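Inspection log for the structure reproduced underneath, given as structure tokens.
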Protein chains: 4
Amino acid sequence: MPASFRSDNDAGASPEILAALAACNDGAAYPYGADEWTRRAEAALARVFERPVGVLLVSTGTAANSLALAAMSPPWGSILCHRMAHSNTDECGAPEFFGAGLKMVASASPGSRLDAAVLARELASGRGDVHAVQPSGVTLTQPTEDGQVYTAGEVASIGRICRDAGLPLHMDGARFANALVAAGCTPAELTWKAGVDLLSFGATKNGAVGAEALVVFDEALSGTLPFRRKRAGHLLSKMRFVAAQMVAYLHEDLWLRNARHANGMARRLADGLGTVDGVQLLTAPVTNILFAKLPESLIAGLVQRGFDFYHGGRWEPGVARLVTSFRTSPQQVDEFLSAAREIGKT
Amino acid sequence: MPASFRSDNDAGASPEILAALAACNDGAAYPYGADEWTRRAEAALARVFERPVGVLLVSTGTAANSLALAAMSPPWGSILCHRMAHSNTDECGAPEFFGAGLKMVASASPGSRLDAAVLARELASGRGDVHAVQPSGVTLTQPTEDGQVYTAGEVASIGRICRDAGLPLHMDGARFANALVAAGCTPAELTWKAGVDLLSFGATKNGAVGAEALVVFDEALSGTLPFRRKRAGHLLSKMRFVAAQMVAYLHEDLWLRNARHANGMARRLADGLGTVDGVQLLTAPVTNILFAKLPESLIAGLVQRGFDFYHGGRWEPGVARLVTSFRTSPQQVDEFLSAAREIGKT
Amino acid sequence: MPASFRSDNDAGASPEILAALAACNDGAAYPYGADEWTRRAEAALARVFERPVGVLLVSTGTAANSLALAAMSPPWGSILCHRMAHSNTDECGAPEFFGAGLKMVASASPGSRLDAAVLARELASGRGDVHAVQPSGVTLTQPTEDGQVYTAGEVASIGRICRDAGLPLHMDGARFANALVAAGCTPAELTWKAGVDLLSFGATKNGAVGAEALVVFDEALSGTLPFRRKRAGHLLSKMRFVAAQMVAYLHEDLWLRNARHANGMARRLADGLGTVDGVQLLTAPVTNILFAKLPESLIAGLVQRGFDFYHGGRWEPGVARLVTSFRTSPQQVDEFLSAAREIGKT
Amino acid sequence: MPASFRSDNDAGASPEILAALAACNDGAAYPYGADEWTRRAEAALARVFERPVGVLLVSTGTAANSLALAAMSPPWGSILCHRMAHSNTDECGAPEFFGAGLKMVASASPGSRLDAAVLARELASGRGDVHAVQPSGVTLTQPTEDGQVYTAGEVASIGRICRDAGLPLHMDGARFANALVAAGCTPAELTWKAGVDLLSFGATKNGAVGAEALVVFDEALSGTLPFRRKRAGHLLSKMRFVAAQMVAYLHEDLWLRNARHANGMARRLADGLGTVDGVQLLTAPVTNILFAKLPESLIAGLVQRGFDFYHGGRWEPGVARLVTSFRTSPQQVDEFLSAAREIGKT
């Protein structure tokens, strides 16, 4: 069957993750995160980030993001975000729900990244005015919705703006590993050293069954989170099975290997597509998400042959989003490219 | 190491469940419940309940309960419940959160079960009065917090009260299998045939890794649930891994076998304890939860030997809660009993 | 037309209040509380309480109470209250709404007043346990729903319990003036000197058109209130018209004169009723609310003659609630008593 | 003292309104809207709109708007609005609060009015997609924030779009009278005949002390409103004092006379300003709000002489907002113009 380039959500789990589930099953364990696997996951994340961190394991990125944003803002606060931010457009209002009616405010930043200078102006708007929602924090997506990456320096610029405003900065890292290997810096440099206070550290899209960590760098933000998590139904009783995934994910760099592979497959795809007649790459193959403009006939042909990917819809006609994963094989990419070339010829 | 009788949450997962996780990992699958395992889980639940049902898979019982209660009540509504109901006392206000401030109202029913006649009066209170929260539904826990079971007839009595009041009835079945095998009737008889409109059908405590189904019998209640689930961060991207658990749980009666075993271990424990000097059984060993009054010295001795169980705290001093699971072995029970007898002699 | 003893809400406004509305109408005034009348109302309240106070003027007691309770508690918190507390039973879940799902928890205190010792136990329950709502404050009603009064010493006992628990204490003083003149102490002694942190200071029932002040004694609780008030639609644009009412209410002791009169009428009513055959006073005539047990024939007769009062319903059959106001005249009371005696004879 | 052109909120109340407050004060009246003045206000609004209407009296426009929007949308819904809509920018997130986290989504409509064609596309976005908030209604402001008016035909175009989408249309008519006399049609034509389902009918800015009516044309939307109002603390106990204002406001066309006067004063102001050197009118004097570009020196001079109006801030430097009211006198306008001319000469 032809490969799916629809989403890295479509891929299953890494064998190492499944093995970890089986391995943690022996004997009784305290529930609700009072188990040793949770301790080990916390320790592993502390090692990755080179400092003590608060960790809340949950099973979805929407939960991690929404818990973070709610902890940052009062109900009458606003969270500045990119207009395309997943938390703004694809979570059915989850941040507003968790945040008791907080307001996601789309920045006027041009392009697909938040712009520090634009943000600075926007964060000043309405502060102290009882008629206005109060700017209460910023969230950025890393990598962005179109697969691009903020460099450590770019994150730091935004981090400074936030610090100057006395407001926290959240990073939605549902695909953090893909961004990290692209950015070529350390996890610490891309996050807390650049002013990030809360990170949604995703593992699910990159090989886990369902495991996300809300990583808290600013201790002042951590006090309410355990209650928020429980109250939202996200404190798992048999937490060891999420924690064991996270431990395996970080063990021997599985997460980085998976991400490098996925990003590499996107590059291979981009390299090939660049040579197909009529195809225009719209984004650089920085991470594992690629946007390209394809002739409608080519899209139709690929779909007919069973290839699966998003096209049109929320984007302009002819625009295709192609996503690779830790499981995408070079053969799958090459089959897609061969098919594209063949269709182009007819 | 001595066995834990602390909670069935402490047990890991059935081998069949873990095998199912591995088995569903092949190939790409549509995310967010658009996969074939989710279809199969839905079909399996429809077979179990002998009718079409709505199914929302989630990973915690708190999520299943809170989604159900929120779907039943407007924000200015009240849900009548037993004063000891888990959703009222142990979910950190999750129903109030999901329900935008709905009110859990503890019934004055005596004992550990809701009483239909008491409920009938309470459901009439304040209806139509704009100053009062509006009675909007009832939730009962099956089995109850102290391990007792509503018979199908008792559920039907409450179901009739609800129907007469035009209000929905929810059953918190975090341990539904344990109740079912104790009640000796069919799943249909214990639920929708007795007037239950929504059921939190738990698998986690009885052998799954993390899998609960909100089963909807009243189609009129199902419309808002997909949005509520997504918005609460409970729509899993790799849903196949929850669905596969549910399929395996229902396959070849694993769920009933696990529950019968757990209940049987509680009976064995009760039978033994009944012969230990100074021990007074406070509840009948109907399901897998047992309450007993133990001499303080016996509790201290068991704890010292490494046995783990709840005692005191929210209950009176000397009261112990003992929970068995699908994993509890006869040997573990017998070791506990031997230790109890030995301690009693000293 | 025979008098109404239904509620002090049925009475209109004191002439002094209406005169104040007319008097404040000259010229332009800054809206939203930035006017001089608001400053004068704040100053008058500071004089009454003999210290600086925060003041938020609103037009309903439900708003004052709910803003206060929401400021005291996180969404996962509980507010301990008397089971009959107006905020628990008669505000359609307003505290839960303003507090994003906080939980009103009825104390097990016997009688119509909160008991400090019972409260102390209840405030300790579940603290720090992520599965439980977190005790976050206490509210007491002064006078109570049955017209009784906490002495300054009784308030202080509860205040100490709260302080020991590190939690704030709110007083619902919708009829504060009636309680104050009954308690025979100063406003300061009955509130902040006794540990009250927030007071709903009602004027509406005692002669205003619609004016309530949320008086904040604990500055730490005041920061979020301006935003909460605006967000709830309770920041009036032409605030001068509420502020002027409050100024007039406090001017030359109008509030105390009105309350003394109302309480006196309740005493006159109680004295008379005590001599009517078959009537049993259920409460002492401490403030302006009286409960009495009347023969059903007497109730029917009074109603037939056009007297209006609550009876039966949420209370037992035969129980009548009789409320006097600043407007109740001795003649009205005497007519009621005459009618009662006449009916008794037939 | 020089006149304020800051806001029609700065003006006090019409003498007729104050007289009505005094006149309704006789005798006892049922509270919470069960009084005869409330019946008369409802009847008066029914006459104005030439049909039966639901009416909820409240004391602020924020309450009326937020109750309406919350009744239109589930928590996971979006309300499309103009980016400058008061409910979107100046109510501190009140719609999000009342609506349990609903999302205000700013339309991409150009200019200061919603555009029916743009709306049509936006209302289709994400419908049925569980990841997206669900378009649930539209709100338009009449007159707009810059004092312009939708004609009955323009409202009807938007009304048709909404009807086609099966969604309700709300009109924020905080200054409805000013729009109506400018539009030159009947209240019915400008509202329900054009597809408006809910109207915030403001009286406060146009002469009342504090009185707004939420007028409900679509009966299907009215069921939840009484509970929402109570729960938000907006059900006034002495409701007769709000109702009497509304009755007086509609009596003998006081509302239309006040609005015509205010609009006339804006025209007089515009006519005069048009002849002042360096002044550029930015909006036509359609209602009682005027925007003009003034030389900075002119603004400074006017401010120095004690004239009060908004300038700069959320608008560009040099932009002034000038608002007239029922109380603005021709002399006040002329003094302002004289001062402007004088300053211009120096």
Side-chain angles (χ1 to χ4, degrees), chain A residues 1 3-4 6-15 18-19 21-22 24-32 35 58-67 91-94 96-98 100 204-205 208-210 226-242 308 325 327, chain B residues 1 3-4 6-15 18-19 21-22 24-32 35 58-67 91-94 96-98 100 204-205 208-210 226-242 308 325 327:
Chain A
M1 193 184 157
S4 168
R6 229 178 128 274
S7 172
D8 33 12
N9 281 329
D10 293 18
S14 284
L18 287 167
L21 288 178
C24 79
N25 192 36
D26 280 345
Y30 280 106
Y32 302 117
D35 62 275
V58 292
S59 47
T60 69
T62 296
N65 285 344
S66 301
L67 288 168
E91 297 182 346
C92 197
E96 289 87 347
F97 173 47
F98 282 69
T204 308
K205 291 178 194 287
V209 159
F227 296 104
R228 293 183 188 277
R229 177 174 61 172
K230 173 63 196 176
R231 180 172 173 78
H234 284 289
L235 179 62
L236 293 160
S237 56
K238 295 184 176 173
M239 185 67 89
R240 61 166 123 172
F241 290 109
V242 173
D308 200 357
S325 81
R327 252 194 178 175
Chain B
M1 194 186 157
S4 169
R6 226 177 131 275
S7 172
D8 33 12
N9 281 329
D10 293 18
S14 283
L18 287 168
L21 288 178
C24 78
N25 193 36
D26 281 344
Y30 281 108
Y32 302 117
D35 61 276
V58 291
S59 48
T60 69
T62 296
N65 285 344
S66 301
L67 287 168
E91 297 182 348
C92 196
E96 289 87 346
F97 173 47
F98 282 68
T204 308
K205 289 176 194 288
V209 158
F227 296 103
R228 293 183 188 277
R229 178 174 60 171
K230 174 62 196 176
R231 180 172 173 78
H234 284 288
L235 180 61
L236 293 160
S237 56
K238 296 186 177 173
M239 187 67 90
R240 62 167 124 171
F241 291 109
V242 173
D308 200 359
S325 81
R327 252 193 179 175

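Computed from a predicted structure; not experimentally measured. Naming convention: chains lettered A, B, ... in sequence-line order (proteins, then strands); numbering from 1 in each chain.
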[options]: which one forms the most heavy-atom pairs within less than 4.5 Å of chain B?
options                             : result
A:Gly61, A:Ser325, A:Gly27          : A:Gly27
A:Gly210, A:Ala63, A:Ala64, A:Ala11 : A:Ala11
A:Glu96, A:Arg327, A:Glu91          : A:Arg327
A:Thr60, A:Thr62, A:Asn25           : A:Asn25
A:Ala3, A:Ala19, A:Gly93            : A:Gly93

Where does [X] contact chain A at under 4.5 Å (heavy atoms): side chain, backbone, both or neither?
X        : answer
B:Asn65  : neither
B:Ser7   : neither
B:Ser59  : both
B:Leu67  : neither
B:Ala208 : backbone
B:Leu18  : side chain

(request) First locate atom NZ of A:Lys205, then atom NZ of B:Lys238, and finally report the distance between them rounded to the nearest 0.5 Å. (result)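 So the gap between those two atoms works out to 9.0 Å.
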(message) Test your reading of the model: is there a side-chain donor-acceptor pair from A:Arg229 to the backbone of A:Leu235, 3.5 Å cut-off?
(response)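 It does not hold such a pair.
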(request) Verify, without hydrogens or angle tests, whether B:Arg240 (side chain) and A:Asp10 (backbone) share a donor-acceptor contact under 3.5 angstrom. (result) yes
Which atom pair, heavy atoms only, marks the closest approach of [X] to [Y]?
X       : Y        : value
A:Ala29 : A:Asp35  : CB-CB, 4.2 Å
A:Cys92 : B:Lys230 : CB-CG, 3.6 Å
B:Ala13 : B:Val209 : CB-CG2, 3.7 Å

(message) Tell me whether the rings of B:Phe98 and A:Phe97 are parallel (<30°), tilted (30 to 60°) or perpendicular (>60°).
(response)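 Plane angle over 60°, so perpendicular.
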(message) Less than 4.5 Å to any heavy atom of chain B: does that hold for the side chain of A:Asp308, its backbone, both, or neither?
(response) side chain
